[in-house]
Amino acid sequence: LRRFPLKLVKGVPLMEPIADGWDIVENFQAFPDDLIISTYPKAGTTWVQEIVDLIYNDGDAVKCQRAPTFVRIPFLEIISPPPLPSGVEMLGKMPRPRIIKTHLPFHLVPRSIWENKCKVIYVARNAKDNTVSYYHFDRMNKTQPDPGTWDQYITKFIKGEVAWGPWSDHVKGYWAEKNNHQILYLFYEDLKENPRQQTVKILDFLERVLPKDIIDKIVELTSFSSMKNNPMTNYTFFPKNLFDHSVSPFMRKGEVGDWQNHFSEQQRQLFDRAYARWMDGVDIPFRDLL
Ligand code: A3P
C-alpha cells in the first residue's frame, strides 16, 4: 500500500486505482432495492451507515455487527490492489437488499442507480468541520495523498485538489438534484442535535416502522462513544499500513464546531471568501459556520 496520486475522472480527482478501473465503476448494475449512502468524505458516512444497517436488521446489534462496516456495506468505487476485492465485486456477492456506500459526486454516480430509481441518503457536513476532519483523515489514511501542513491543506481543500474533488460541487450537486430523484438530504449537525428525530426521518424515508424501544436502542448503539468503542465500526480492523490510528483515530472527535480549534483568523477569512463564492445564489441550510 502507498499514498496514491490523484487522477482526473471527468474533471474529478480520484485515487489512481479508482481512475484506472473507472469503467468497472461506471458500468455498475444496480437493483431497484439498492440503498445508496452518499457523502463527501468525512461528512458522517459511517454514522449513517450504522443507523441504516441497524434499521435493516430491526435493531439487532448481534446480527448487524457481525462484521466490520466495510464488509457489510461495500464501498462502490473502491478498487484496491489485488488480491483485495473491488467494491463492485463485493456487491456482486451481497444478498439483496443491498446498502451501498459512495463518495462519488452526483454527476459521477453510475447511471444504473438513477435508471433503477434507487433511494439515496445524502449526508452533508458544514465545510469547515468537514475540512478539519478530512485533514486528520488524510494524515492517518496511508493511501490518500499526503495532506501536508494544516495551512497547506486548507489551500488544497479550497481548490478542490483532494480525493473526490471540491466539497462545494459535491454538496451543491446533490442539493440541485434532490427533488428529481429519491434523495434524502441530511446534515451532520442535525444528526448531532437530534439523532432520534433524524433516525425517524431515515425510517420514514425507507418506509419502515420500528417500535419505540428499538429506535431508542439504535440511537444508543450509534452514539459517538458506542461507535468509537465498537471494533466493528471504528475501523481498527484495518491494518496499520492502511489506517494509522496512532496518528489520528478514525473516530476522532465527532463534534460540531471543532474547526474553531484549528482555523487562525487569517485562515478563516481566506476560507470565508471562498465559501461566499461557492454559495452565491445557493440556499443550502448549513449551520455552525461563523
Ligand atoms: P471527526 O474527524 O470530526 O471526529 P466519515 O464516516 O464520513 O468518514 O466521517 C467521519 C467523521 O464522522 C469523523 O469526524 C467521526 O468522528 C465522525 N463520526 C463517526 N461516527 C459518529 C457518531 N456516531 N457521532 C458523531 N460523529 C461521528
Side-chain angles (χ1 to χ4, degrees), residues 15 36-55 61 64-65 68-70 72-78 99-105 120-144 147 150 153 157 162-164 167 170-171 174 185-199 202 216-238 242-245 247-263 287-289:
M15 282 191 290
I36 320 297
I37 297 176
S38 176
T39 56
Y40 189 73
K42 312 319 288 175
T45 330
T46 318
W47 191 2
V48 170
Q49 283 178 289
E50 225 42 43
I51 295 173
V52 170
D53 201 27
L54 279 160
I55 289 175
C64 168
Q65 291 163 5
T69 311
F70 187 79
R72 285 177 278 131
I73 303 179
F75 188 176
L76 174 63
E77 65 268 28
I78 213 66
I99 309 171
I100 303 172
K101 162 189 168 177
T102 184
H103 289 319
L104 292 174
V120 176
I121 299 180
Y122 186 78
V123 193
R125 186 175 192 182
N126 82 71
K128 287 179 187 150
D129 282 337
N130 210 142
T131 313
V132 169
S133 186
Y134 208 170
Y135 166 67
H136 289 296
F137 182 64
D138 279 355
R139 291 170 58 231
M140 69 85 77
N141 179 340
K142 301 301 180 188
T143 62
Q144 295 254 117
W150 166 236
Y153 188 75
F157 189 94
V162 293
W164 287 281
W167 173 89
H170 211 285
V171 297
Y174 283 87
Y185 200 105
L186 300 176
F187 294 92
Y188 181 97
E189 293 74 23
D190 292 341
L191 274 155
K192 274 301 282 190
E193 189 174 83
N194 198 336
R196 191 176 203 287
Q197 177 209 64
Q198 296 298 303
T199 302
I202 294 172
D216 291 339
K217 194 173 147 202
I218 292 175
V219 172
E220 171 49 33
L221 287 167
T222 55
S223 71
F224 181 71
S225 59
S226 302
M227 286 183 58
K228 188 177 173 70
N229 292 319
N230 180 349
M232 291 300 162
T233 59
N234 65 14
Y235 277 97
T236 50
F237 51 84
F238 273 2
L242 180 54
F243 279 12
D244 188 347
H245 295 264
V247 173
S248 177
F250 181 90
M251 292 290 170
R252 194 184 59 89
K253 270 199 175 172
E255 278 171 13
V256 173
D258 186 40
W259 67 266
Q260 307 205 31
N261 302 316
H262 287 74
F263 282 73
R287 302 194 274 141
D288 305 289
L289 262 173

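In each ligand, atom 1 is the first atom listed, and ligand 1 is the first ligand listed.
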### Query
Should His170 and Tyr122 be marked as a side chain to side chain donor-acceptor pair (under 3.5 Å) after you check the CA-CA gap, both sets of side-chain angles, and the distance that decides it?
CA-CA 10 Å; His170 211 285; Tyr122 186 78; 2.7 Å; yes
### Message
Less than 3.5 Å apart, any donor N or O on the side chain of Thr39 or His103 sitting next to an acceptor on the other?
### Response
yes
### Query
Hey, would you say the Phe70 and Phe238 ring centroids sit under 6.0 Å apart?
yes
### Message
Students should be able to answer this: which protein heavy-atom is nearest to atom 8 (O) of ligand 1, and at what distance?
### Response
Lys42 NZ, 2.8 Å
### Query
Who's the nearest protein heavy-atom neighbour of atom 7 (O) of ligand 1, and how far?
Thr45 OG1, 2.3 Å
### Query
Would you say the side chains of Glu77 and Trp164 form a donor-acceptor pair under 3.5 Å?
yes
### Query
What residue and heavy atom of the protein are closest to atom 22 (C) of ligand 1, and at what distance?
Trp47 CD2, 3.4 Å
### Query
Which residue and non-hydrogen atom of the protein lie closest to atom 6 (O) of ligand 1, and at what distance in Å?
Thr46 OG1, 2.5 Å
### Message
Under 4.0 Å, heavy-atom basis, I'd like to know which part of Met227 is in contact with ligand 1: side chain, backbone, both or neither.
### Response
side chain
### Task
Would you mind telling me if ligand 1 is within reach of the side chain of Arg125, the backbone, both or neither, using heavy atoms under 4.0 Å?
side chain
### Query
What do you reckon, does Thr39 have a nitrogen or oxygen under 3.5 Å from a nitrogen or oxygen of ligand 1?
no
### Query
Considering Phe137, Tyr134, Phe224, which one's heavy-atom position lies nearest to atom 27 (C) of ligand 1?
Phe224
### Task
Output yes when the distance from some N or O of ligand 1 to some N or O of Lys192 is under 3.5 Å, and no in every other case.
no
### Message
Under 4.0 Å, counting heavy atoms only: does Met251 come that close to any atom of ligand 1?
### Response
yes
### Query
Under a 4.0 Å heavy-atom limit, does Tyr188 contact ligand 1 with its side chain, its backbone, both, or neither?
side chain
### Message
Could you tell me if the side chain of Asn130 sits less than 4.5 Å from the side chain of Val171, heavy atoms only?
### Response
no
### Query
Is the distance between the ring centroids of Tyr135 and Phe137 under 6.0 Å?
no
### Nearest-option assignment for atom 1 (P) of ligand 1, heavy atoms, candidates Gly257, Ser133, Ala43
Ser133
### Query
Would you say Gly44 and ligand 1 have an N/O pair spaced under 3.5 Å apart?
yes
### Message
Test of understanding: given a 4.0 Å heavy-atom threshold, classify the contact between Thr222 and ligand 1 as side chain, backbone, both, or neither.
### Response
backbone
### Query
Among Trp259, Phe157, Phe263, which one satisfies ring pair (Phe, Tyr, Trp, His ring centres under 6.0 Å) with Trp150?
Phe263
### Query
Should Asp244 and Arg139 be marked as a salt bridge (charged side-chain N to carboxylate O under 4.0 Å, His left out) after you check the CA-CA gap, both sets of side-chain angles, and the distance that decides it?
CA-CA 8 Å; Asp244 188 347; Arg139 291 170 58 231; over 6 Å; no
### Message
Just to be sure I read this right, does ligand 1 sit under 4.0 Å from the backbone of Ser223, its side chain, both, or neither, counting only heavy atoms?
### Response
backbone
### Message
Checking the side chain of Arg125 only, and the main-chain atoms of Lys42 only, is there a donor and an acceptor separated by less than 3.5 Å?
### Response
yes
### Message
Starting from atom 15 (C) of ligand 1, what is the nearest protein heavy atom, named by residue and atom, and what distance separates them?
### Response
Phe250 O, 4.0 Å
## Note on the structure
Exactly one of Glu50, Gln49, Gln65 clears side chain to side chain donor-acceptor pair (under 3.5 Å) with Arg72, and that residue is Glu50
